[in-house]
Amino acid sequence: EISPHLPAPKNVEVYSYNFQSWLRWSPVLVENGSVLYTAHYKTVYYKEWTEMGCSQTPQTQCEFPPELRRRRRWTIELRVRAELGGLASAWALSPSFVAEANTSLGPPRVSSVSASPGSLLLVLRPPFSPEPGDVLRFLVSYWANSSTATEQKLIEGETLFQIENLEESTLYCFSIQVQLKIFSGDFLRGQPSTPECHRTALS
């Protein structure tokens, strides 16, 4: 029974980081009893609402099920309602969500750094598991520790990168950002990594 006295959840939104996504909302507060929540989703292709795997949960968030996590380009609509005993609130809807456009990408990881007199060899890892056909590139910014000028190089597809033409026995710092090509042809840009510093070797 839809109750006018049981308010619908507010601040319904999708939080998405590195393609891991959750539907979140503010708790509904009542004087007596514990409020539970049920969440559904639907896509522009399949118009029927489907349970997300969060039915009558006390939590105020619901993780996307595996079948949604694999659909980065789908437009997804989500809704949640509050339930108390036999009563239910009206449904509250989130804004439409497309993972490829709306997720936040974290910084890439640097697995290892090998120093030689004139270069630093970096092994990079993207912050998420790439899917077949993904076009990735890394923006590498680097500078001598005593300078403020930054040099930048853009590398496509490679996770092994050498910063060359460096002075020997000199401390260099670098920061890296991942960029993912999306359906529109634009690049989804991730957060830059925390600067990391390494000294080149002495010949």
(request) Using the test side chain to side chain contact (heavy atoms under 4.5 Å, CB included), find all partners of Pro107 that sit at least two apart in sequence or belong to another chain. (result) Tyr17, Gln191, Ser193
(message) Suppose we screen for side chain to side chain contact (heavy atoms under 4.5 Å, CB included). Which residues come up paired with Arg189, at least two apart in sequence or across chains?
(response) Arg137, Gln177, Gln179
If only atom types and distance count, is the side chain of [X] paired as donor or acceptor with the main-chain N or O of [Y] below 3.5 Å?
X      : Y      : value
Thr57  : Ser55  : no
Ser89  : Ala82  : yes
Asn102 : Phe97  : no
Thr200 : Thr170 : yes
Tyr37  : Val28  : yes

(message) Glu100 and salt bridge (Lys or Arg N to Asp or Glu O under 4.0 Å): which single residue from Arg71, Lys181, Arg73 fits?
(response) Arg73
According to a 4.5 Å side-chain heavy-atom criterion applied to Ile, Leu, Val, Met, Phe, Trp and Tyr, with indirect links allowed, do [X] and [Y] form part of one hydrophobic cluster?
X      : Y      : answer
Val178 : Val113 : yes
Leu188 : Ile155 : yes
Val98  : Leu68  : no
Ile76  : Trp22  : no
Tyr46  : Val44  : yes

Going from [atom1] on [X] to [atom2] on [Y], what distance comes out if it is rounded to the nearest 0.5 angstrom?
X      : Y      : atom1 : atom2 : result
Leu180 : Asp186 : CG    : CG    : 11.5 Å
Leu171 : Cys197 : CG    : SG    : 5.0 Å
Leu87  : Arg81  : CG    : CZ    : 10.5 Å
Leu124 : Ser112 : CG    : OG    : 9.0 Å
Glu168 : Leu166 : CD    : CG    : 11.0 Å
Ser169 : Arg199 : OG    : CZ    : 5.5 Å

(request) Can you tell me which residue pairs pass the ring pair (Phe, Tyr, Trp, His ring centres under 6.0 Å) test with a partner in residues 98-133, sequence neighbours excluded? (result) Phe19-Phe128
(message) Under the ring pair (Phe, Tyr, Trp, His ring centres under 6.0 Å) definition, can you give me all pairs with a residue in residues 172-203, not counting sequence neighbours?
(response) Phe174-His198
(request) Decide if atom CD of Glu131 counts as having more than 12 heavy atoms of other residues, nucleotides or ligands within a radius under 6.0 Å. (result) yes
(message) Could you check whether any side-chain heavy atom of Glu63 comes within less than 4.5 Å of a side-chain heavy atom of Arg69, counting everything from C-beta outward?
(response) yes
(message) Quick check: do Pro126 and Pro108 have side-chain heavy atoms less than 4.5 Å from each other?
(response) no
Does any donor atom in the side chain of [X] or [Y] lie under 3.5 Å from an acceptor atom in the other side chain?
X      : Y      : value
Glu13  : Ser94  : no
Glu164 : Ser119 : no
Glu83  : Thr38  : yes

(request) Tell me whether the centres of the aromatic rings in Trp49 and Tyr41 are closer together than 6.0 Å. (result) no
(message) Just to verify, what does Asp134 make a salt bridge (Lys or Arg N to Asp or Glu O under 4.0 Å) with, not counting sequence neighbours?
(response) Arg72
(request) Mind listing the closest non-hydrogen atom pair of Leu84 and Ser34 along with its distance? (result) CD1-O, 3.5 Å
(message) Tell me which pairs pass disulfide bond (SG atoms under 2.5 Å apart) where either residue lies in residues 3-44, with sequence neighbours left out.
(response) none
